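Presented below is the structure to which this report refers.
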Amino acid sequence: MVAQLLRLRADLLAGEVRGTARRSVAVVLGSLVGLLAALFVAAQMVGLRSADPDVARAVIVPVGTLIAFGFTVVPLVVGRSDQLDPRRFAVFGIDRRRLTVGLAVAGLVGVPVLGALVVAVGQTVAWARDPGLGLLAALGGLLAVATCALLVRVCCAVGSRLIGPNRSRDAGWLVALVIIVLSIPTVSLLLRADWLGPHGAEMQRVADVAGWTPWGAAWAVPAEMASGHVGSGLLKLLIAVIVAVLLAWAWWALVGRALETVDDRARTRRYQGLGWFDRFGSAPVSAVAARALTYWVRDPRYRTSYLIILFVPLVVIPLGVAGVPWHWTALVPLPLMALIAGFLPHNDVSYDNTAVWLHVASGAPGWSDRLGRVVPVLVVGAPAIVAGAALSARLFDDWTVFPLLIGVSASALLSGLGLSSVVSVLLPYPTVRPGDHPFQQPQAAGVTATVAQSSMVIGIVLCTVPAGWLAVLAFVRGAEPWSVLTLVVGVGVGAVVLVLGVFAGGRLFDRRGPDLLAAAQRN
């Protein structure tokens, strides 16, 4: 059975090359680029063989951790296209044990796992400074490759179940975003010599944290031993073995589930009552707020939008690698997250599609529609800003920045919501239809989309400038009285822009109702 699955895997890989000319060139070039990147990383690791153990550890462990993490993220997104999905073999009556082992072995054949193997060989050579350490390095490399291979199988199976038939190839941009963000520090670590100096305490801390994660434990085993941390090395070896065993058990369970259950049957949900409509009441503002909050909770298009905010804290990684002190990077994510949160509703009228006629035909004043739509973002955003400011101040180790962060972030959020109330009525553009995959964008949104998005970003930045400038003065001249001024001005400017935006957008909504219905028909 293993031999048959290996031949099938080889035929499938050959079939990728025998497709159309464009596809064949893309597959070959992509494979070559991946292998060359793996060889480059492995060569850089081999070059660390004569370096100080702590220096080599500060590079090899984070890089290996990022590679293993990539084997987690990418399969989760592209899982539906997995050619070795065990559900494809459920109709052949293959024994569970043979199918589990066969698919796992066949999954080793491919460029990603081969690249991980090349990098693992490079780290083995880098740590082979004596026979005992070389044996541990080989063991750690094998565990790392096994972890990566099992992660591919498990995450592909999980990814195909999480999103199933609704997955779109357009989701690849999200994969590219994650890979690019995570590869920036990797490339910087390999190319910047100053990180390899003995004073690189930042990377030592990164290596410490990465080595205790499921993705980095196997890579950290020889590094800890070479640095003289025998106890930590043995404990991380135990963690790496446990991770591999748990992944193998998860793969066994997933194959068994695929052979015994049917996952594509229709599912229904039962709801009691009217949900948020029961809680908010029947006033126009309350009804619109309840409807908007229901959209934000249940609609995949909205969920995809605000989940992007979770990736914002990753920007601190390239900033830290670029030389910005790590405690200063704690001040960056919250204002950016507030800006994005204020930007998100700028096209929510188009998200309604033809259902916007309910708002137009109801006869409710336009300002109630505008105000009701910003309620969900305010309900979540206001507490999140306070909590995020407290966390950032704690990481910065100076609580005087707490009012500064609230002022700047509140200005960005409130101003963004006020501008969105106007732009979503004045410049609606085609977007994802209800029921379509959230990454499936229309073929052409025209110039309107560019103008709307550019206006939003520029407007939010301009409205945040006063609070930002006062925050800079607080750092330069001292906290008093600039901290209080930053808080007051930031919240004040944001509140003014929000109020003006709600009423101006409401008047535009009353006047442009037929135009909005026509625009919704074009979506």
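What you are looking at is a predicted structure, and each value in this text was computed from that prediction instead of being measured.
- Residues Val499 and Val496 are not in side-chain contact: their nearest non-hydrogen atoms beyond the backbone lie 4.5 Å or more apart.
- Judged by distance alone, the side chain of Thr72 and the main-chain N or O of Leu151 form no donor-acceptor pair under 3.5 Å.
- The distance from atom CZ of Phe475 to atom CG of Leu470, rounded to the nearest 0.5 Å, is 12.5 Å.
- Under the 4.5 Å side-chain criterion, counting only non-hydrogen atoms from C-beta, Leu66 is not in contact with Trp215.
- For residues 372-385, the pairs satisfying side-chain hydrogen bond (donor to acceptor under 3.5 Å, both in side chains) are Asp352-Arg373, Asp369-Arg373, with sequence neighbours left out.
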Apply the test side-chain contact (heavy atoms from CB on, under 4.5 Å) to residues Val63 and Gln44: give CA-CA distance (whole Å), side-chain angles for both, the deciding distance (0.1 Å), then the verdict. CA-CA 11 Å; Val63 170; Gln44 296 297 318; over 6 Å; no
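- Asn347 approaches Leu427 most closely through the heavy-atom pair OD1-O, 4.3 Å.
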Trace of the side-chain contact (heavy atoms from CB on, under 4.5 Å) decision for Leu405 with Leu331: CA-CA 7 Å; Leu405 288 168; Leu331 305 179; 4.1 Å; yes
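- A pairwise comparison of heavy atoms in Asp348 and Ser424 identifies OD1-CB, 3.3 Å as the closest pair.
- The side-chain hydrogen bond (donor to acceptor under 3.5 Å, both in side chains) analysis of residues 456-465, with sequence neighbours excluded, yields no pairs.
- What you find for Ala474 and Leu404 is that their closest heavy atoms are CB-CD2, 3.7 Å.
- Taking 4.5 Å as the limit, every side-chain heavy atom of Met337 sits out of range of all side-chain heavy atoms of Leu413.
- Ser368 contributes a side-chain N or O that, together with a main-chain N or O of Pro365, makes up a donor-acceptor pair within less than 3.5 Å.
- Rounding to the nearest 0.5 Å places CG of Leu339 at 10.5 Å from SG of Cys463.
- Looking at residues two or more places apart in sequence or on another chain, you find no side-chain contact (heavy atoms from CB on, under 4.5 Å) involving Asp510.
- Here the closest heavy-atom approach between residue Gly505 and residue Val422 is recorded as N-CG2, 3.9 Å.
- The closest side-chain donor-acceptor pair between Trp219 and Thr65, if any, does not fall under 3.5 angstrom.
- With contacts defined as side-chain heavy-atom distances shorter than 4.5 Å, the pair Phe71/Cys155 does not qualify.
- Note that the CG atom of Leu426 and the CZ atom of Arg511 stand 10.0 Å from one another [nearest 0.5 Å].
- The closest side-chain heavy-atom distance from Leu334 to Val408 is not below 4.5 Å.
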Worked check of side-chain contact (heavy atoms from CB on, under 4.5 Å) between Phe343 and Gln453: CA-CA 8 Å; Phe343 173 87; Gln453 295 170 6; 3.9 Å; yes
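- Residue pairs satisfying the side-chain hydrogen bond (donor to acceptor under 3.5 Å, both in side chains) criterion with at least one member in residues 384-409, sequence neighbours excluded, are listed as follows: Asp398-Thr400.
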One pair to check against side-chain contact (heavy atoms from CB on, under 4.5 Å): Val379 and Leu293. What are the steps and the verdict? CA-CA 10 Å; Val379 168; Leu293 193 57; 5.8 Å; no
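- Applying the side-chain hydrogen bond (donor to acceptor under 3.5 Å, both in side chains) test to every pair with at least one member in residues 482-493, sequence neighbours left out, gives no pairs at all.
- Judged purely by atom type and a 3.5 angstrom limit, Ser421 uses its side chain to pair as donor or acceptor with the backbone of Leu417.
- Among all heavy-atom pairs drawn from Ala38 and Val118, the shortest one is O-CG1, 3.9 Å.
- Taking 4.5 Å as the limit, some side-chain heavy atom of Pro345 sits within range of a side-chain heavy atom of Val377.
- Side-chain atoms of Thr213 come within 3.5 Å of backbone N or O of Ala210 as a donor-acceptor pair.
- The two atoms that bring Leu419 and Ile460 nearest to each other are CD1-N, 3.6 Å, heavy atoms only.
- Partners of Val472 according to the side-chain contact (heavy atoms from CB on, under 4.5 Å) rule, which considers only residues two or more places apart in sequence or in another chain, are Val476.
- For the side chain to side chain contact (heavy atoms under 4.5 Å, CB included) test with Trp296, the passing option among Val375, Leu344, Val380 is Leu344; the others fail.
- No donor-acceptor distance shorter than 3.5 angstrom exists from the side chain of Ser411 to the backbone of Gly407, with no hydrogens or angles considered.
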